[in-house]
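A short worksheet on the structure shown next.
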Amino acid sequence: MNKLPKHVAIIMDGNGRWARLQGKNRVKGHQQGARSVREVVEEATKKKIEFLTLYAFSTDNWSRPKDEVSLLMKLLVSSLKKEFNRLITNDIRLKAIGDLNGLPNGVKEELIYVIEKTKENKGMVLTLALNYGGKEELTRAMKDIAIKVKNSIISPENVDQSTIIEHLYTQNLPAVDLLIRTSGEERISNFLLWHIAYAELYFTKTLWPDFKKEDLQKALVDYTKRERRFGKTSEQLTS
Ligand code: FPP
């Protein structure tokens with residue numbers, strides 16, 4: 001049996017479908033999705049998960065209808081305000097990954113405020129991926145490294161995996177142990193491409209607004225039963 005994962009990442013999918021099934025506007029799906037975020041964060045804290053990373057808004061989500069994008073941004077700000085006290089009492093440190101400069105000013109300011117106020121917290125690190133794309137993250141890292149090589153700050157012979165890691169948005173985040181995706185889709189959708197190299201993947205048909213603490217518990221139990229070989233053989237692991 002594995003120990004519980006250190007780093008859990010979640011692709012929260014199915015808000016729109018949940019709303020449609022209820023005969024409601026997509027907005028309701030996202031609002032209900034925000035409630036699942038609260039419950040899952042609380043449960044992850046109780047389970048002593050050290051890192052939880054949530055895919056909240058991808059670089060491709062800008063192509064959604066303008067009203068939906070604007071609602072999602074408003075929901076983010078209101079959730080950050082509403083959950084602030086809970087983050088403090090649960091000792092959670094908030095972080096964000098992605099091109100934050102591309103976010104509306106109000107969102108960026110609120111985010112930076114909460115990140116700053118929670119930075120000394122010692123409990124779970126909760127990372128929101130916002131305006132995030134895995135390919136964009138890798139491209140940006142390669143460009144930064146190329147510039148440093150050009151300016152003789154780094155010598156090309158010394159470029160290794162740790163050089164790349166240092167240039168990712170995620171710098172101090174460990175590799176993902178368990179990646180969960182809700183709603184029945186079985187795709188990675190440009191999320192944390194570098195960090196999921198050896199992640200265990202868990203797909204569930206449950207739509208994100210219906211994903212509650214029991215669903216997280218189920219995913220964690222499933223994870224503990226997986227054999228993580230990291231390229232080795234089963235026999236090597238047991239010997
Ligand atoms: C995917 O469902 C969900 C999103 C693109 C946004 C995730 C946002 C939230 C859960 C709300 C608040 C977040 C935080 C961090 C407070 P979808 O709209 O793609 O669903 P569909 O595939 O069924 O249309």
Side-chain angles (χ1 to χ4, degrees), residues 8-46 49 51-121 123-133 169 173 180-183 189 191 206-213 215-216:
V8 177
I10 308 183
I11 302 176
M12 310 179 288
D13 197 9
N15 294 353
R17 272 161 286 167
W18 182 91
R20 190 160 10 99
L21 285 169
Q22 310 269 326
K24 292 179 179 150
N25 186 290
R26 293 177 61 84
V27 171
K28 288 280 174 215
H30 295 311
Q31 288 168 341
Q32 195 62 32
R35 293 197 185 103
S36 295
V37 170
R38 180 195 297 159
E39 184 162 332
V40 164
V41 167
E42 201 158 305
E43 185 59 19
T45 312
K46 282 190 189 143
I49 301 299
F51 298 88
L52 177 66
T53 302
L54 303 176
Y55 206 3
F57 196 87
S58 79
T59 45
D60 296 320
N61 286 147
W62 296 111
S63 53
R64 292 190 171 210
K66 237 172 131 184
D67 284 355
E68 183 172 340
V69 170
S70 141
L71 173 278
L72 277 168
M73 293 298 147
K74 280 195 191 126
L75 190 57
L76 263 164
V77 175
S78 64
S79 298
L80 286 170
K81 287 186 196 290
K82 219 156 99 188
E83 302 306 323
F84 181 72
N85 287 337
R86 223 184 291 260
L87 293 179
I88 300 292
T89 48
N90 285 314
D91 207 19
I92 295 170
R93 187 155 30 125
L94 187 79
K95 285 191 165 204
I97 51 171
D99 181 7
L100 305 186
N101 288 327
L103 294 170
N105 282 340
V107 179
K108 195 179 151 189
E109 280 159 19
E110 190 61 33
L111 202 58
I112 289 173
Y113 175 79
V114 182
I115 289 172
E116 186 59 30
K117 290 282 177 195
T118 60
K119 73 173 188 209
E120 304 295 343
N121 286 355
M124 186 175 77
V125 174
L126 170 62
T127 304
L128 298 182
L130 287 164
N131 196 17
Y132 175 89
Y169 290 127
L173 284 183
I180 299 172
R181 182 170 188 149
T182 59
S183 91
S189 298
F191 191 37
T206 305
L207 303 173
W208 179 250
D210 289 328
F211 193 90
K212 299 296 169 207
K213 64 178 181 199
D215 300 281
L216 178 66

side-chain contact (heavy atoms from CB on, under 4.5 Å) between Leu216 and Glu39, worked out: CA-CA 10 Å; Leu216 178 66; Glu39 184 162 332; over 6 Å; no
Stepwise side-chain contact (heavy atoms from CB on, under 4.5 Å) test for Leu76 and Leu72: CA-CA 6 Å; Leu76 263 164; Leu72 277 168; 5.7 Å; no
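How far CG of Asp67 is from CG of Asn25: 9.0 Å, rounded to the nearest 0.5 Å. From Trp18, atom CH2 reaches atom NE2 of His30 across 11.5 Å, with rounding to the nearest 0.5 Å. Between Tyr169 atom OH and Leu130 atom CG the span is 11.0 Å, to the nearest 0.5 Å. Here the CG atom belonging to Asn85 is positioned 9.5 Å from the CD atom belonging to Glu83, to the nearest 0.5 angstrom. Note: Ile112 CD1 to Leu94 CG = 11.5 Å, rounded to the nearest 0.5 Å. Taking CG from Leu87 and NZ from Lys82, the interatomic distance works out to 13.0 Å, rounded to the nearest 0.5 Å.
In this structure, the side chains of Leu173 and Thr127 come closer than 4.5 Å at one or more pairs of heavy atoms. Asp215 is not listed as a side-chain neighbour of Val40, based on a closest heavy-atom distance of 4.5 Å or more. Side-chain contact between Ser36 and Met12: absent, with no pair of heavy atoms (C-beta onward) separated by less than 4.5 Å. Under the 4.5 Å side-chain criterion, counting only non-hydrogen atoms from C-beta, Gln32 is not in contact with Lys24. With contacts defined as side-chain heavy-atom distances shorter than 4.5 Å, the pair Lys81/Glu110 qualifies. Between Ile97 and Thr53, some side-chain heavy-atom pair lies under the 4.5 Å cut-off. Contact check for Leu128 versus Phe57: no side-chain heavy atoms found under the 4.5 Å cut-off. Leu126 is not listed as a side-chain neighbour of Thr118, based on a closest heavy-atom distance of 4.5 Å or more.
Considering every non-hydrogen atom in both Gly16 and Arg26, the closest pair reads CA-NH1, 3.4 Å. Taking both residues in full, the closest heavy atoms of Arg64 and Val69 are given as O-CG2, 3.7 Å, listed atom of the first, atom of the second, then distance. Minimum heavy-atom separation, Leu75 to Gln31: CD2-N, 3.9 Å. Among all heavy-atom pairs drawn from Gly29 and Ala19, the shortest one is N-CB, 3.8 Å. Heavy atoms only, all atoms of each residue included: Leu111 and Ala96 are closest at CD2-CB, 3.8 Å. When all heavy atoms of Lys108 and Asn101 are compared, the closest pair comes out as NZ-OD1, 2.6 Å.
The backbone N or O of Ser183 lies less than 3.5 Å from a partner atom in the side chain of Arg17, making a donor-acceptor pair. A donor-acceptor contact shorter than 3.5 Å links the side chain of Thr182 to the backbone of Asp13. No donor-acceptor pair under 3.5 Å is formed between the side chain of Lys66 and the backbone N or O of Ser63. Side-chain atoms of Asp99 do not come within 3.5 Å of backbone N or O of Asn131 as any donor-acceptor pair. Judged by distance alone, the side chain of Tyr55 and the main-chain N or O of Ser189 form a donor-acceptor pair under 3.5 Å.
Residues forming a side chain to side chain donor-acceptor pair (under 3.5 Å) with Asn90 (at least two apart in sequence, or on another chain): none.
Using a 4.0 Å cut-off between charged side-chain N and carboxylate O, Glu42 and Lys213 make no salt bridge.
Aromatic ring orientation, Phe84 versus Tyr113: tilted (interplanar angle from 30° to 60°).
In this structure, Lys117 places its NZ atom where only 12 or fewer heavy-atom neighbours from other residues, nucleotides or ligands lie under 6.0 Å away.
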